[in-house]
Each structure stands twice: as structure tokens, then as C-alpha cells.
Student: 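Quick one: the structure is below, and I'll ask about it shortly.
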Number of protein chains: 2
Amino acid sequence: MSKPPATVRELIRENYASLTQSERKFANLLLENYPAAGLASITIVAGNAEVSTPTVARMVQKLGFKGYPLFHQALLKELEAKVSGPTKRRDNWASEAPEGHLLNRFAQAVTDNLQQTFSNIDSAQFDAAVHQLANTEGRLYVVGGRITRALADYAFTHFQAIRQRVTHMTSSSATWPHYVLDMVEGDTLLMFDVRRYETNLQRLAELASERGVKIVLITDQWASPIASVAEHTFNCWVEIPSAWDSNISTMMLLEAMIAATQEESWDKTKDRYDRLDELFDMTRLFRKFS
Amino acid sequence: MSKPPATVRELIRENYASLTQSERKFANLLLENYPAAGLASITIVAGNAEVSTPTVARMVQKLGFKGYPLFHQALLKELEAKVSGPTKRRDNWASEAPEGHLLNRFAQAVTDNLQQTFSNIDSAQFDAAVHQLANTEGRLYVVGGRITRALADYAFTHFQAIRQRVTHMTSSSATWPHYVLDMVEGDTLLMFDVRRYETNLQRLAELASERGVKIVLITDQWASPIASVAEHTFNCWVEIPSAWDSNISTMMLLEAMIAATQEESWDKTKDRYDRLDELFDMTRLFRKFS
DNA sequence: TCCGGCCTGAAAAGAAAGTTTCAGGAATCC
DNA sequence: GGATTCCTGAAACTTTCTTTTCAGGCCGGA
């Protein structure tokens, strides 16, 4: 035997001689418009080729399929394979680590998460959110939950470097009302909320929203309830082999936003950045490396 | 409104908030395995997601399709378009974002960084460092620099959950002498230091080292000078298209360490974790999701 | 021209697929 | 803690698809 797994296309060529006239009519149409012309129901497909359904059914059996549904599935599989095909890189990352080593399992999970997260970002929405974050007319507030507090902190540190009027709302929710008091329309609130979603964050979001503050929400794949009042919501995939959730993709999204914000307003930013550098140098707390 | 022709993926994202729990179960499966998970019959598709057919039918209608068959066709069209489309797009990632969009450049850089970082981890050293971090005989101190403070904070939050005797040394270096005073042999110091390396972090490392404290250092690819006194050093690749350095791979390494630490002492950890959960529940500040 | 074999598609029968209804049950709200 | 709302899937029902049957018709050969 020569060909264990044949494509439908090959099957048709092989059996073309044994096909009748109207069967060929369909076969030709399929080959010309492959595989789209074979993906609908047998009725429709037959209609398009202007033959009857029994004709198609018979032909499909000649090709070796037990029924039209199986033929249909075969076409689908081919199509799928084409799409996911060469992209399916499973490079073994942590090179020398043993197969089942946590490092490798972890690498796999993280890669998947990043990929998922990336493919679920709507770039238009991303751009819009960045535009909002770059708007220095209003003040930018940053806040996170129990775990994401660290991310909020990270965001604050960077945003503070590239724009003015940034406030980090501390994790102690007792102080939040003071901040809310000062919020006005045109301000922006960057929130982090991953499961287990925190009710006081939600209340904060509602209050801010009522005051006309635009909320940019970074949450997990299951979406915090805050999404309902947020202007822009982004979902990050967070599952890893552990009892808690990963924030790598969250961090990635955040960094992407910071980078984009900086790019959007680089003319203004650059100067600010340079001056900041000088200041840090002057304090002699930091040593330049290269 | 803004988007006349949406992909199914976008539709799901837009309507995610209005989906019920089991509808989301299916939605998630579809997003994770897109679009293959939506190409079979409603019965099969529902079975795979372990929900009932009505659930899928309802969801599909929420997305705006008049019936499952239409939804099915929409997915097919997308798949076809992808295959025949403009010269097979670059590695799926930020799927619909334009070629030169920052998101795509960013994704590329991050992937490279992670790959580099991973392949440069010596798994034996990793295991050794983890063992050190899991050692509850001594105290675990965590400290970071100007930017990495957030990472140190993140590390602290997690380590605190899985072991006792953890201290976060605040970023104000004025307070560090007090901590050093209490350090004894057998203690561990987890440090983050990326460029531009900070001299007071280095001095801290030296002092701690003299007192017999084992230092686990997480630094960048150029290595902080602290490496010379550290017991275990790990390098993370940090370059991205921006004026500053990325900490995604740093975060990744950190999370891997936390996960490994937890795994190493899961019997002790588990109980602590559960009790912590209960406590958070009791404060009523958090709401459980599923 | 007539005969016999073979295609072909209309239509019925059969099999899935998809939709709707509805009651039990979980979650939530007061 | 009880009432209420909303979610969920079993099951009946409807629609659509697929297969099979079968009669009409085309074609080549005598």
C-alpha cells in the first residue's frame, strides 16, 4: 500500500475514473472551490452543483466514506489542520530540565496563557484604552486588589514616569472615599480585579463610574463584575498548575499598555523621562551600568 | 454602533458579561480551542463542554445568531477566510491586530525573552534555590529596588500565604539596618535587582552575606553585582521595544519559584492555605466565584 | 426500432440535529 | 430564614438532513 492517509482531494483524483457524469459535476465543483464547496449540508452542496442529493451520497461512498457526515468531517479536519498547522510549535523550553519538571509544565502553561490572552485582545479597544490612559487632561487613578496590589504598584511606578497627575490608591479601602471625593469627569481609573473578586473594588468602580470617571479594567478570563461599568475591559488567562492564579499575562498586558501609552505621547514623555534620569543620578542612589 | 462585522470571538467577548456560568463554560472551551470546538453538531459540541444542548442554543442566540446552524456557518466562514486569506498571517498571536501594531511587536519580544530566560535556568540550581526558600527553619526576607519593589511585594504576598516567617523589607532603605540586625545564619534573603543596579541594595547584600544569610538573587541578563555574594543567581531577559525594561520574565521566574516552593511543602502548605481562605471568607470582603 | 443496462433524481422513510417547554434546584435578595 | 428570581438540563417536539427506494429516461448495441 502506498497512501495510508489521503486527502479528499487525492481520493477524488484516484477514483475519478469510476465516477459518473453528474458525480463528476460535483467533484469538479469541489475541486475548484476546495474545500468550501463541500462544507455545507448534503442538500445545499448538491444544490450548488445542480445535482441531486443521492448523487452526492453515492459519490461519497465511492470515495470510501461510510456516509456524508464522515466525508464532511474529513474536509473539516483538513481545513483545521491547515490553519493550526505549522504554528503549533511546542519547543521544549527549559532546555535541559527533565520532561515532567515543574519548570517545563510551568513554561507550557504560561505560553498558553500568553497566547490566549493575546489572541483575545481587541486591538481597537486596546488603542482606545491606551488613548484614555495617555490623556493628561484628567487624573489617572490606579488601584488593585489583595494580590493585584503589586501590579497596581508596578503600573503606578511606570505611569508616574511617563505622565503627570497619577495617583496610586492604596490597598486600604478605608481611604478610598477621599479619592472618590476628588474624582471628576474626565478622570481615568485603572483597575485590576482577578478572582476572587472583591466587593469593595466593585463598589469603588460603581461610585467612580457615577462620577463620570472612565474605567479601564484588567481582569481574568472569567471577568470581574466590574466589567459592567467599565469603559474598557481586558481579559487575561491566568491558570497554571498551582493552587493560585498566575499574573504573568496580566503583567504582560499591563506592560504593553504602558509601552503603548509612552509611544503615543513620546514627545512629551521623552523630556520627562530624561529629567527623571538626571534626578535619580543626582541622588546617587543608583549607579549606571552601561 | 461601531462594529458591523464581528468575529464570533469578538461577539463572545462583547457579550461575555451577559453569559451565565455554564454558557461561559462552553464559551471558554471555544475560545481556548478556536474555532475547532464549535464546528461539530450542537449535541457533540455541548457534550464536549459538558453542558446541555439548550445551554449552547441559548448562548448562541445571545450572541445574536438566529440558530445554531447560523452560528456554525459563521465559524466556518472565518476558518475559510483564514486559510484563503492574505498569505497566512504571522503566528496567530494578536490575531486581528495589524502587522506592525505594537501588540505584535511586543508579543514577539516577550516570547523571545521568556524563551531565553527559560533556557538559561539551571534546573538543579532552581531546585536548590527553591529548597532554600522552602526552609522554614530560618526567616525569609524579601526585598526589591525602585522598580522591582512591586515584584518583591508580589513575592511577599504569595510566600506569606504558603509559609511562615516571611518579612517584606520596605523600599525605604533607611529601615534596612533594623532588619539586618535581626538576621542570623540560616535565614534567606530573596533579592530583586535589575539595572540600573542600586548601590544600597548591594550594601545590604554584603551585610546580609557576612551574617551568614543565603541570598537568592533574581536579576537581569547582565547580572547585578550582587551576584558575587549570592548563593543562587538567576538571570531574566528583559529587553522590549521601549525605553524601559520588561519584568515579565522576572515575574515568570518568580511565579515558578513560588509554585515550586509550594509543591515542595504542599502537606504543610495546604492546611495553611485552607485556613487563610476561611479567614478571607470571614471578612466578607471577597466573594467566591465558582 | 427495440431491448437491456445503467444513470438520475423525486419522494418516502429513517436518522440526526436543533428548538422549545418545563420542572427542579441553586443562588440571591429581602 | 423564607420568597423570589434565575439558571439548568431532561424530555418532548419540530425541523432539517441523510439515506434508501424506485420509476423514468437516456444510451448503445443488435
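Residue numbering restarts at 1 for every chain, and letters A, B, ... go by the order of the sequence lines. It should be emphasised that the depicted structure is a prediction, and the values quoted were computed from it without experimental measurement.
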Student: Measuring from atom CD1 of A:I44 to atom CG of A:L39, what distance do you get when rounded to the nearest 0.5 angstrom?
Tutor: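 CG of A:L39 is found 11.5 Å from CD1 of A:I44.
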
Student: Using the ring pair (Phe, Tyr, Trp, His ring centres under 6.0 Å) criterion, which residues pair with B:F71? Sequence neighbours excluded.
Tutor: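 B:F71 satisfies ring pair (Phe, Tyr, Trp, His ring centres under 6.0 Å) with B:F65, B:Y68 once adjacent residues are dropped.
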
Student: Keeping to residues at least two apart or across chains, list the side-chain hydrogen bond (donor to acceptor under 3.5 Å, both in side chains) pairs with something in residues 43-53 of chain A.
Tutor: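 For residues 43-53 of chain A: A:S52-A:T55.
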
Student: Could you give the CD-to-C1' distance, from A:Q73 to C:dA16, as a whole number of Å?
Tutor: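 Going from CD in A:Q73 over to C1' in C:dA16 covers 13 Å.
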
Student: Could you tell me if the side chain of A:D182 sits less than 4.5 Å from the side chain of A:Y141, heavy atoms only?
Tutor: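 Answer yes - side chains close enough.
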
Student: Does anything in residues 63-71 of chain A reach DNA chain D, meaning a heavy atom under 4.0 Å, and if so which residues?
Tutor: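 Result for residues 63-71 of chain A: A:G67, A:Y68, A:P69, sorted by number.
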
Student: Please determine whether a side-chain nitrogen or oxygen atom of A:T20 lies at a distance below 4.0 Å from atom OP1 or OP2 of C:dC7.
Tutor: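 Indeed not, no polar side-chain atom of A:T20 lies that close.
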
Student: Between A:E23 and A:K62, does any side-chain N to carboxylate O distance fall below 4.0 Å?
Tutor: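 Yes, this pair counts.
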
Student: Do B:N28 and B:Y16 get their side chains close enough for a donor-acceptor pair, meaning under 3.5 Å?
Tutor: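 The criterion, which ignores hydrogens and geometry beyond distance, is satisfied for B:Y16 and B:N28.
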
Student: Which part of the nucleic acid does B:S22 contact within heavy-atom distance under 4.0 Å: base, sugar-phosphate only, or nothing?
Tutor: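 Touches sugar-phosphate only.
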
Student: Does any donor atom in the side chain of B:R163 or B:S265 lie under 3.5 Å from an acceptor atom in the other side chain?
Tutor: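 Side-chain D/A pair, B:R163 to B:S265: absent.
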
Student: With a 4.0 angstrom cut-off to heavy atoms of chain A, pull out the first and last contacting nucleotide of DNA chain D, in 5'-to-3' order.
Tutor: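 Nucleotide range in contact with chain A: D:dC17 to D:dT20.
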
Student: Would you kindly give the CD1-to-P distance between A:I42 and C:dA15, to the nearest whole Å?
Tutor: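 A:I42 atom CD1 is separated from C:dA15 atom P by 16 Å.
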
Student: With the threshold set at under 4.0 Å for non-hydrogen atoms, list the residues of residues 44-56 of chain B touching DNA chain D in residue-number order.
Tutor: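 Those residues are B:S52, B:P54, B:T55.
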
Student: In this structure, how many angstroms lie between the P atom of C:dT20 and the CZ atom of B:R58, rounded?
Tutor: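 So the two atoms are 11 Å apart, to the nearest Å.
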
Student: Just by distance, no angles: are the side chains of B:Q262 and A:W244 close enough, under 3.5 Å, to form a donor-acceptor pair?
Tutor: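 Distance-only check passes for B:Q262 and A:W244.
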
Student: In this structure, how many angstroms lie between the P atom of C:dG18 and the CE atom of B:M59, rounded?
Tutor: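 Nearest whole value for this atom pair: 14 Å.
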
Student: List the atom of A:S224, the atom of A:D193, and the distance in Å for their closest heavy-atom pair.
Tutor: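 So the minimum-distance heavy-atom pair works out to OG-OD2, 2.8 Å.
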
Student: Is the closest basic N to carboxylate O distance between A:R105 and B:E263 below 4.0 Å?
Tutor: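 So A:R105 pairs with B:E263 through a salt bridge.
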
Student: Who passes side chain to side chain donor-acceptor pair (under 3.5 Å) against B:T157, sequence neighbours left out?
Tutor: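 Residues passing side chain to side chain donor-acceptor pair (under 3.5 Å) with B:T157: A:R149.
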
Student: In this structure, how many angstroms lie between the C1' atom of C:dT19 and the NZ atom of B:K62, rounded?
Tutor: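 Rounding to the nearest Å, NZ of B:K62 and C1' of C:dT19 are 16 Å apart.
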
